[in-house]
Number of protein chains: 2
Amino acid sequence: MSIDVGARLRSVRTTFGMSQRELARRAGVTNGLISLIEQNRVSPSVSSLKKVLDGVPMSLAEFFTLDLSATPQAFFSADDLVELGNPEVSLRLVAAQRPGRQLTLLHERYAAGAATGEEMLAHRGEEAGVVIRGRIELTVGGAARVLGPGEAYYFASQLPHRFRNVGREACEIISACTPPTF
Amino acid sequence: MSIDVGARLRSVRTTFGMSQRELARRAGVTNGLISLIEQNRVSPSVSSLKKVLDGVPMSLAEFFTLDLSATPQAFFSADDLVELGNPEVSLRLVAAQRPGRQLTLLHERYAAGAATGEEMLAHRGEEAGVVIRGRIELTVGGAARVLGPGEAYYFASQLPHRFRNVGREACEIISACTPPTF
DNA sequence: TCATGGTGTTTAGTATTTTAGACAAGAAGG
DNA sequence: CCTTCTTGTCTAAAATACTAAACACCATGA
């Protein structure tokens with residue numbers, strides 16, 4: 001068996017958030033069988049596998065067509081975020097590798113005194129964010145304001161804008177853009 | 001098992017023109033197993049089915065994705081032809097149910113004295129045929145001729161035309177039209 | 001008519017899957 | 001510390017898949 005039925009089934013089951021016993025109950029088989037299949041200790045009969053997948057539910061065709069490597073990841077630990085910035089302005093992207101992503105979600109961190117640059121930024125779309133630590137000066141168009149923890153922003157990205165940490169400590173922001181710019 | 005693994009396998013095997021023994025040899029299983037699977041007397045393990053399909057070769061994903069109903073039929077027994085005419089003028093269509101068919105092939109049979117009707121026919125496309133038994137009078141535009149076995153015709157279907165059996169015995173014709181009118 | 005070689009099917013026995021239930025480990029709450 | 005619930009794993013017994021070999025049938029040809 002070059003095809004890893006066990007890994008496929010475990011992937012499917014956990015993606016749907018079921019325990020072996022719950023899936024077994026829905027499928028009308030024993031939990032032990034799910035365990036054995038997932039460990040590749042047995043090669044299930046087609047009828048058993050069909051019963052199991054009916055509990056998800058999922059067709060045999062879907063099951064064998066599944067691309068395990070492309071299973072969309074829903075949860076990300078801090079280490080999974082991809083760093084796009086620099087030591088002064090850290091931009092950590094959520095779900096960077098997700099294909100067809102419609103959103104850019106960033107965990108931003110500005111060192112004391114850091115800024116997005118001398119020039120104003122401008123691009124398509126809209127963006128918004130919430131300050132979670134420190135204080136940041138945000139300039140949008142002709143207006144500027146200093147935001148602290150709990151405060152937020154939302155503006156059309158084509159307006160020239162700029163972020164600058166005017167405090168003594170690092171400033172952290174969670175921001176979102178759409179359509180994705182990274 | 002609502003999914004008919006046996007029929008699928010038999011369909012695949014015969015499409016590839018293999019006997020049970022030949023497929024078994026290539027797959028490294030016994031011919032008896034192929035037989036049992038095709039009769040749905042057993043539900044094979046995934047590993048067995050994989051071995052069998054490797055002998056074709058075909059992937060499990062392809063196997064379960066196969067649309068049996070859409071398997072294009074290449075051969076038709078006389079009973080498979082669909083009757084479109086009437087007792088006087090029998091029109092038996094080849095591959096009637098084939099989706100996306102580009103051709104109408106008919107086995108026509110005119111009883112003695114029968115005709116396609118009083119009015120002349122006219123439609124898009126072209127048609128052609130060969131007389132295989134009896135004698136038929138074919139009128140195309142202003143011309144008419146009686147054709148016997150081995151003789152043939154070919155004309156643009158928008159020309160008004162009419163078939164009439166002028167002999168004492170039934171007349172049979174094999175005819176083709178494109179684009180399909182039925 | 002008898003052999004030969006092809007087909008698919010069947011059967012008895014063996015190997016494997018599947019079940020029922022016990023087991024161990026971790027988490028939550030008293 | 002227990003008790004209780006969950007989780008996944010493991011094992012003996014029952015059920016089922018699989019093999020090897022025989023069988024029945026249909027051709028073709030001597």
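Quick note: numbers below take in every heavy atom, side chains included, and nothing from hydrogens, waters or symmetry partners. Chain A is the first sequence line, chain B the second, and so forth, proteins listed ahead of strands; every chain is numbered from 1.
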- Message: Expressed as a whole number of angstroms, how long is the span from M18(A):CE to dT7(D):P?
- Response: 12 Å
- Message: In this structure, how many angstroms lie between the P atom of dC18(D) and the CG atom of N40(B), rounded?
- Response: 13 Å
Protein-nucleotides 9-13 of chain C N/O pairs under 3.5 Å:
from, atom 1, to, atom 2, distance (Å)
dT9(C), OP2, R10(B), NH2, 3.2
dT9(C), OP2, Q20(B), NE2, 3.0
dT9(C), OP2, S35(B), OG, 2.9
dT9(C), O4, N31(B), ND2, 3.0
dT10(C), OP2, Q39(B), OE1, 2.8
dT10(C), OP2, R41(B), NH1, 2.8

- Task: Would you tell me whether E83(A) and S90(A) have side-chain atoms, one donor and one acceptor, within less than 3.5 Å of each other?
- Result: yes
- Task: For the pair E38(A) and R13(A), find out whether any cationic side-chain nitrogen is under 4.0 Å from an anionic carboxylate oxygen.
- Result: yes
- For S19(A) and dT7(D), is the shortest distance between a side-chain N/O and OP1 or OP2 below 4.0 Å? yes
- In terms of side-chain geometry, is the basic nitrogen of D54(A) or K50(A) positioned less than 4.0 Å from the acidic oxygen of its partner? yes
- Message: Quick test of your reading of the model: are R109(B) and E172(B) salt-bridged, counting only N-O distances below 4.0 Å?
- Response: no
- Quick one: E22(B) CD to dG6(C) P, roughly how many Å, whole number? 11 Å
- Message: Nearest whole Å is fine: how far is dT7(D) P from L23(A) CG?
- Response: 12 Å
- State whether S48(A) places a side-chain N or O below 4.0 Å from either non-bridging phosphate oxygen (OP1 or OP2) of dT18(C). yes
- Query: To the nearest Å, how far apart are R25(A) CZ and dT19(C) C1'?
  - Reply: 18 Å
- Item | Step-by-step side-chain hydrogen bond (donor to acceptor under 3.5 Å, both in side chains) determination, S59(B) to E62(B) | CA-CA 5 Å; S59(B) 73; E62(B) 289 174 89; 3.2 Å; yes
- Step by step, would you call T116(A) with Y110(A) a side chain to side chain contact (heavy atoms under 4.5 Å, CB included)? CA-CA 9 Å; T116(A) 50; Y110(A) 296 80; 3.6 Å; yes
- Query: How many Å lie between CD1 on I37(A) and C1' on dA17(D), as a whole number?
  - Reply: 15 Å
- Task: Answer yes or no: does a side-chain N or O of S45(B) lie under 4.0 Å from OP1 or OP2 of dC18(D)?
- Result: yes
